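One structure is given below, encoded as C-alpha cells.
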Amino acid sequence: MSRKTIALIGGGQIGGNLALLAAQKELGDIIIFDIPKAEGMVKGKALDLMQLRPHDGYDANITGTSNWKNVKDADVFIITAGIPRKPGMDREDLLGINLGIMKDVAQNIKEQAPRSFVIVISNPLDAMVYAFHKVSGFPKNQVVGMAGALDSTRFRTFIAMETGYSVQDVTCMVLGGHGDTMVPITRLATIGGVPVADLIPAERLSEIEERTRFAGSEIVKLFGNGSAYYAPAQSAIEMAESYIKDKKRVIPCASLCQGEFGVDGYFIGVPTVIGSGGVERILEFELQDHEKEALHDTLAAVQKIVSETGL
Ligand code: A3D
C-alpha cells in the first residue's frame with residue numbers, strides 16, 4: 001500500500017504543527033503549501049522537520065512549495081490559509097480577507113485533487129467551510145470543518161483542571177457554531193462514566209462552560225499577535241487520522257446538515273463519524289428543550305456569517 005499524501009494549505013503556526021504531528025504519527029508524506037512570499041519559510045520548515053525524523057525514525061517525506069501543481073492528487077488537505085485573530089478581534093472580523101483566500105484555495109484544490117478529503121480550519125470557520133463547499137462543489141462527505149473537536153478538548157481540559165482527575169477520563173462534546181454561541185452539552189459530560197453534574201457544583205460548571213466559549217479569545221489575549229495553534233493542530237490531525245486509518249471515530253465536527261438536528265443546508269458542529277468514506281454519518285440524538293434553543297441561537301449566528309459571504 002502506498003503512502004497517503006497530506007497537503008497542508010497554509011504553513012504558518014498551525015500548518016507547521018500539523019506537519020510535525022502528521023510526521024510523528026506517520027500519517028503519510030506531507031506537503032506544506034503557502035503563497036510565493038512564504039515559500040522559503042515552508043521549504044525551511046519542511047527541511048527542519050526532515051532532519052527531526054532520524055530521532056524516532058519517522059518515514060515521511062516532507063516538502064514545502066508554493067506551486068499548486070505539487071499538491072496534485074493529494075489525499076487529504078488541511079486548510080489554515082488566511083489570517084488569525086489579534087486581540088480585540090472577533091472571528092467574524094477575518095471574513096473579508098479570509099473569504100477571498102478560501103475561494104482561491106477551493107478553486108485550486110478542485111482542479112488539483114477533486115477526490116480529496118478536505119478539513120477546513122481557517123476562521124470564521126462556519127463560513128469558511130461553507131465557502132469551500134460552495135466554490136469547490138465537493139460532495140458533503142469530502143468536506144468538514146474542525147471546530148467542535150477543539151472546543152470539546154478545551155471543555156475536557158477545564159473539567160480535568162477543576163477536578164484534578166485525568167483528562168483522559170473526561171468525555172464531553174460541544175456542538176453548534178465555532179463562536180461565542182457554541183453549545184456545550186454538559187449533561188452528557190462524564191468523568192470515567194460518572195456525570196460531571198454529580199462531581200462539580202452547577203455554578204462552577206456554568207463558569208467552565210463560559211470559559212470554554214471564550215477559550216480561543218483567552219489565548220488570543222495572552223499571545224497578543226495571533227491565535228492558538230498546538231491544540232487546533234492536534235484536533236485536525238485526529239480527524240485526518242480517522243479518515244486515513246478508517247477508524248470511524250465519532251468527533252464533533254462542522255458537517256453539512258441536511259435535516260439533522262433540524263438544521264438544513266449549513267455546516268454546524270455535530271457528532272460526526274469520520275472513516276475512509278470521509279464524513280460517513282452524523283449521529284443524531286434527542287436534545288433537551290434548552291439545548292434545542294441554544295442550537296437555534298447558534299444556527300442564527302452561523303446563518304448570519306454565511307449570508308455575509310454572499311455565496
Ligand atoms: P498564520 O500563522 O498566520 O498562518 C496562516 C498562513 O496562511 C500564513 O503562512 C499565510 O502566508 C498563509 N496564507 C495566506 N494566504 C494564503 C493562500 N492564498 N494560500 C496558501 N496559504 C496562504 O495563522 P495560524 O496558522 O495561527 O491560523 C490559521 C487560521 O486558522 C486562521 O484563520 C485562524 O483564525 C484559524 N484558527 C482556527 C481555529 C479553529 O478552531 C477553527 C483555531 C485556531 C486558529
Side-chain angles (χ1 to χ4, degrees), residues 7-21 31-46 64-68 70-71 77-87 89-109 112 119-132 135 144-155 174 176-180 182 212-220 223-239 251-254 267-269 302 305:
L8 308 174
I9 308 303
Q13 296 285 27
I14 302 180
N17 281 290
L18 286 168
L20 174 63
L21 294 166
I31 304 169
I32 317 175
F33 175 96
D34 212 301
I35 50 177
K37 208 173 76 180
E39 192 180 13
M41 185 263 292
V42 290
K43 285 196 156 147
K45 281 192 184 181
T65 186
S66 63
N67 184 344
W68 278 107
N70 290 333
V71 297
F77 283 79
I78 308 181
I79 308 173
T80 59
I83 54 162
R85 281 193 287 168
K86 296 211 164 58
M89 286 173 103
D90 285 333
R91 294 178 179 91
E92 289 70 20
D93 296 330
L94 306 173
L95 184 70
I97 293 177
N98 287 357
L99 179 60
I101 293 173
M102 189 55 68
K103 285 180 178 170
D104 172 58
V105 166
Q107 196 55 45
N108 278 293
I109 294 180
Q112 300 300 333
I119 301 171
V120 176
I121 304 185
S122 311
N123 269 322
L125 188 276
D126 309 295
M128 289 300 106
V129 63
Y130 184 94
F132 181 90
V135 174
V144 70
M146 188 293 291
L150 173 65
D151 299 327
S152 302
T153 53
R154 285 174 167 162
F155 196 28
V174 178
H178 183 57
D180 308 345
M182 66 180 74
T212 303
R213 275 195 198 95
F214 293 95
S217 306
E218 188 177 350
I219 291 177
V220 168
F223 280 176
N225 64 352
S227 52
Y229 42 90
Y230 294 121
Q234 178 63 34
S235 302
I237 287 295
E238 302 263 311
M239 294 162 65
I251 303 174
C253 299
F267 284 81
I268 202 161
V302 171
I305 187 80

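Bear in mind that the values here come from a model prediction, so they are computed numbers and not experimental data. Only this structure's heavy atoms are used, side chains among them; waters, hydrogens and symmetry mates stay out. Remember, it's 1-based here, ligands and their atoms both numbered in the order they're listed.
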Would you mind running through ligand 1 and noting each atom that sits below 4.0 Å from a heavy atom of [X]?
X    : result
N98  : 32 (O)
L125 : 41 (C)
I83  : 31 (C), 32 (O), 34 (O)
G10  : 7 (O), 21 (N)
F33  : 19 (N), 20 (C)
L94  : 34 (O)

Side chain, backbone, both or neither: which part of [X] comes within less than 4.0 Å of ligand 1 when only heavy atoms are counted?
X    : answer
M41  : side chain
L150 : side chain
R91  : neither
I14  : both
P232 : side chain
N123 : both

Work out whether the distance between some heavy atom of G226 and some atom of ligand 1 is less than 4.0 Å.
no

Counterpart residues, side-chain contact (heavy atoms from CB on, under 4.5 Å), relative to S235 (two or more places apart):
M146, A149, L150, T153

Any nitrogen or oxygen of [X], main chain or side chain, under 3.5 Å from a nitrogen or oxygen of ligand 1?
X    : answer
R85  : no
D34  : yes
Y229 : no

Could you name the option among [options] that has the heavy atom nearest to [atom]?
atom                    : options         : value
atom 20 (C) of ligand 1 : P36, G11, A81   : A81
atom 4 (O) of ligand 1  : G12, S122, A231 : G12
atom 33 (C) of ligand 1 : A149, S66, P84  : P84

Measure the distance from [atom] to every protein heavy atom, then report the residue, atom name and distance (to 0.1 Å) of the closest one.
atom                    : value
atom 43 (C) of ligand 1 : A228 O, 3.5 Å
atom 5 (C) of ligand 1  : G82 O, 3.2 Å
atom 40 (O) of ligand 1 : H178 NE2, 3.1 Å
atom 17 (C) of ligand 1 : I35 CG2, 3.5 Å

Could you tell me the separation between the [atom1] atom of [X] and the [atom2] atom of [Y], rounded to the nearest 0.5 Å?
X    : Y    : atom1 : atom2 : value
M89  : S217 : CE    : OG    : 12.0 Å
K43  : T65  : NZ    : OG1   : 6.0 Å
I101 : I79  : CD1   : CD1   : 11.5 Å

ring-ring contact (aromatic ring centres under 6.0 Å, His included) between F223 and Y229, worked out
CA-CA 11 Å; F223 280 176; Y229 42 90; 5.5 Å; yes

Testing V120, N108, V71, L8 one by one against F77 for a side-chain contact (heavy atoms from CB on, under 4.5 Å), which residue passes?
V71

Minimal non-hydrogen separation, I32 against G10, with atom names:
CG2-O, 4.5 Å

Flag side-chain contact, heavy atom, 4.5 Å: R85 against D93:
no

